[in-house]
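Treat the numbers as computed from the prediction; the structure is a model and nothing was measured. Every number for a ligand or one of its atoms is a count from 1 in the order of the listing.
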Amino acid sequence: MNRENRFDIIIAGAGAAGLTLLWYILNSPVLQKREILLLDKSFEPKNDKTWCFWDSNDLPLNEFIYHSWNELEVGALGSSFNEELITYRYDCIRNGDYSMAILDTAKNFEDITFIEASIQNFSSDEKIAVVETDKGKFTASHVFQSVLKPPDFETSTVDNSLLQHFVGWEIETDSSLFNPDKAVLMDFNVPQLNGVTFMYILPFSENRALIEHTLFSDTLLEQDVYEGEIRNYLSEHYDLGSTRYRILRKEKGAIPMEDRKYSTWYCENVMNIGTMGGLTKPTTGYTFTRIHKKSIEIVSALERDEKIPEDAVSSYRFRVYDMMLLYLLSSDQHTSVRIFHDLFKKNSFDMILRFLEEKTTLSNEISIFSTLPYLPFFKSIYKMKHRIFTGR
Ligand SMILES: Cc1cc2nc3c(=O)[nH]c(=O)nc-3n(C[C@H](O)[C@H](O)[C@H](O)COP(=O)(O)OP(=O)(O)OC[C@H]3O[C@@H](n4cnc5c(N)ncnc54)[C@H](O)[C@@H]3O)c2cc1C
């Protein structure tokens, strides 16, 4: 192996997780001088993902934010609930803007190398990790990877496995129809044909919005099914015929929602990060702020030359709640929608967001659960008891 192929740190995958880790490394006076290799099959920034989050007070994200909403709406069982947020703000970042800003900054650092390559495997021999690609092998003492499923992925225990899958259209309309201060987090007042289904609406101005048809289910649909539902929704809720709007871009995705326990290490010295590191919250699909929090932990450990913490991303209590809710989402569509209805009708939105961000106290959680139908939760505890006792 020649010297040019040896680095201190390799970041394999330049998506949300890889770029976020790179961003914190660039902001670390200790680490920014290390020899770093960033690998991805393509570095071309694309605005094909809109990352939203609400718990960013402690994170340096303001410079990336594209739009924010102070008010949220949720619809279910024929009703809808609106609320202005008090402690939070619902923010969004476009992935293309994020990648461009981070890659442009990184290009000013001499010791960072960018290689477009297809990553095929990782291996390790005691102190050195090896990344195998179609452009050759690269080695480093630390590799962070967000591209390949860990080797034990297929054999790890999983009882409930869903996908949060969606297709979205960003549209521009002739007239002013949207409220750019209010996002629709979930509107379940749509046909529930193929799984728990809702519409997600992010208005960027009075006449431009992203409208996403989203499902929690185990089977992806044909593209025209999602698009037909968006067309119907625009017609029924906004009286918008197809001649009255233009589709500016499309977004699609399938985010895993599973009670699988992800392993921290792909192999020795190769750490799994991002979705591959199990950072996606199983019951919501939100991952972005967890990626930031994990990157901060990694950088802090690398700066001190300490072992990177391997703590589970969620505490035992929240892993159990996720298992229970995931069981209900997988097994009882009607009750799931009713739970969302009661949750948003009977609790403040700020409290629900705090709960989803796993920052509530046990007494907050007891008070939230007391507003929900309790029999389905008892059933879920019974069905998931083999894992609830261990939290694994
Ligand atoms: C459309 C969409 C919208 C989302 N919205 C939200 C949201 O609003 N809020 C939220 O918190 N989460 C959201 N998520 C979930 C999650 O935050 C994202 O999926 C996020 O991009 C995960 O980051 P990652 O780095 O793990 O994966 P990615 O961002 O997908 O990055 C993986 C990188 O690896 C590269 N790669 C893959 N295979 C190879 C290979 N063999 N060789 C070389 N390179 C390879 C890819 O090119 C990519 O750049 C969304 C996901 C999707 C798909």
Side-chain angles (χ1 to χ4, degrees), residues 10-23 37-56 59 61 64-69 90-96 98-100 102-103 114-122 131-136 138 143-150 163-170 183 185-186 200-202 210 212-214 220 226 249-257 262 266 271-295 298 313 353 356-358:
I10 296 178
I11 298 178
L19 288 176
T20 301
L21 180 60
L22 180 65
W23 179 246
L37 170 64
L38 185 66
L39 286 167
D40 200 289
K41 53 189 176 197
S42 166
F43 292 115
E44 197 185 326
K46 287 188 231 126
N47 270 324
D48 59 358
K49 286 182 191 165
T50 312
W51 292 315
C52 289
F53 48 89
W54 56 89
D55 186 31
S56 62
L59 302 175
L61 284 171
F64 301 112
I65 288 172
Y66 176 64
H67 195 93
S68 298
W69 298 268
Y90 196 63
D91 293 322
C92 98
I93 287 178
R94 302 192 306 173
N95 67 335
Y98 190 71
S99 311
M100 201 144 38
I102 296 176
L103 291 173
F114 304 83
I115 296 180
E116 285 189 346
S118 172
I119 296 161
Q120 290 154 349
N121 195 19
F122 301 98
V131 184
E132 293 166 31
T133 78
D134 62 346
K135 302 255 172 79
F138 302 93
V143 172
F144 298 95
Q145 80 87 15
S146 52
V147 301
L148 301 184
K149 285 181 181 157
L163 289 167
Q164 177 175 160
H165 50 110
F166 48 90
V167 167
W169 286 354
E170 186 173 329
L185 200 58
M186 294 186 272
Y200 176 59
I201 304 174
L202 300 180
L210 175 67
E212 276 184 4
H213 181 68
T214 309
L220 299 180
Y226 304 88
R249 69 175 188 94
K250 294 184 181 181
E251 178 165 324
K252 71 188 279 191
I255 305 173
M257 298 173 72
Y262 280 72
Y266 188 96
M271 184 174 210
N272 304 313
I273 57 171
T275 304
M276 296 306 167
L279 293 188
T280 299
K281 181 160 170 78
T283 43
T284 63
Y286 286 96
T287 318
F288 192 73
T289 50
R290 294 173 158 225
I291 285 175
H292 273 263
K293 289 166 193 167
K294 190 74 198 172
S295 302
I298 293 172
V313 62
L353 295 181
L356 296 178
E357 207 55 39
E358 307 187 352

*Asks:* Check this for me: does any side-chain nitrogen of one of Glu44 and Lys46 sit under 4.0 Å from a carboxylate oxygen of the other?
*Replies:* no
*Asks:* Check the pair Thr214, Gln164 against side-chain hydrogen bond (donor to acceptor under 3.5 Å, both in side chains), reporting the backbone distance first and the verdict last.
*Replies:* CA-CA 7 Å; Thr214 309; Gln164 177 175 160; 5.5 Å; no
*Asks:* Indicate, as side chain, backbone, both or neither, the part of Cys92 found under 4.0 angstrom from ligand 1 when only non-hydrogen atoms are considered.
*Replies:* neither
*Asks:* Nearest to atom 13 (C) of ligand 1, what protein heavy atom do you find, and at what distance?
*Replies:* Trp51 CD1, 3.8 Å
*Asks:* For atom 41 (N) of ligand 1, which protein heavy atom lies nearest, and how many Å away is it?
*Replies:* Ile119 O, 3.2 Å
*Asks:* Is there a nitrogen or oxygen of Gly253 sitting under 3.5 Å from a nitrogen or oxygen of ligand 1?
*Replies:* no
*Asks:* To the nearest 0.1 Å, how far is atom 45 (C) of ligand 1 from its closest protein heavy atom, and which atom is that?
*Replies:* Val147 CG1, 3.4 Å
*Asks:* Which residue and atom name correspond to the protein heavy atom nearest atom 29 (O) of ligand 1, and how close is it?
*Replies:* Ala16 N, 3.1 Å
*Asks:* Short N/O distance, under 3.5 Å, between Cys52 and ligand 1?
*Replies:* yes
*Asks:* As a check for students: among Asp40, Leu21, Leu19, identify the option with a heavy atom nearest to atom 35 (C) of ligand 1.
*Replies:* Asp40
*Asks:* Any nitrogen or oxygen of Thr50, main chain or side chain, under 3.5 Å from a nitrogen or oxygen of ligand 1?
*Replies:* yes
*Asks:* Please walk me through it: do Trp23 and Phe64 pass ring pair (Phe, Tyr, Trp, His ring centres under 6.0 Å)?
*Replies:* CA-CA 12 Å; Trp23 179 246; Phe64 301 112; 5.3 Å; yes
*Asks:* What I want to check is whether the side chains of Thr50 and Glu251 have a donor and an acceptor closer together than 3.5 Å.
*Replies:* yes
*Asks:* Counting heavy atoms only, which of Ile255, Asn121, Ile11 comes nearest to atom 51 (C) of ligand 1?
*Replies:* Ile255
*Asks:* Any idea which protein heavy atom is nearest atom 31 (O) of ligand 1, and the distance to it?
*Replies:* Gly15 CA, 3.2 Å
*Asks:* If you measure from OG1 on Thr289 to NZ on Lys294, what distance do you get to the nearest 0.5 Å?
*Replies:* 13.5 Å
*Asks:* Just to confirm my output: which protein heavy-atom neighbour is closest to atom 3 (C) of ligand 1, and how far is it?
*Replies:* Phe166 CZ, 3.7 Å
*Asks:* Considering only non-hydrogen protein atoms, determine which one is nearest to atom 30 (O) of ligand 1 and report residue, atom name and distance to 0.1 Å.
*Replies:* Lys49 NZ, 3.1 Å
*Asks:* Less than 4.0 angstrom from a charged side-chain N to a carboxylate O is my criterion; do Glu358 and Arg290 meet it?
*Replies:* yes
*Asks:* Quick check on Gly168 - does any of its heavy atoms sit under 4.0 Å from an atom of ligand 1?
*Replies:* no
*Asks:* Where the closest heavy atom to atom 16 (C) of ligand 1 is concerned, which of Asp134, Thr20, Thr287, Thr284 has it?
*Replies:* Thr287
*Asks:* Lys293: which residues meet the salt bridge (Lys or Arg N to Asp or Glu O under 4.0 Å) condition with it, sequence neighbours left out?
*Replies:* Asp55, Glu357
*Asks:* So, regarding Thr275 and ligand 1 (criterion: nitrogen or oxygen to nitrogen or oxygen, under 3.5 Å), is there a contact or not?
*Replies:* yes
*Asks:* Please confirm whether Lys252 comes within less than 3.5 Å of ligand 1 when only nitrogen or oxygen atoms on both sides are compared.
*Replies:* no
*Asks:* What is the nearest protein non-hydrogen atom to atom 24 (P) of ligand 1, stated with its residue, atom name and distance?
*Replies:* Ala17 N, 3.9 Å
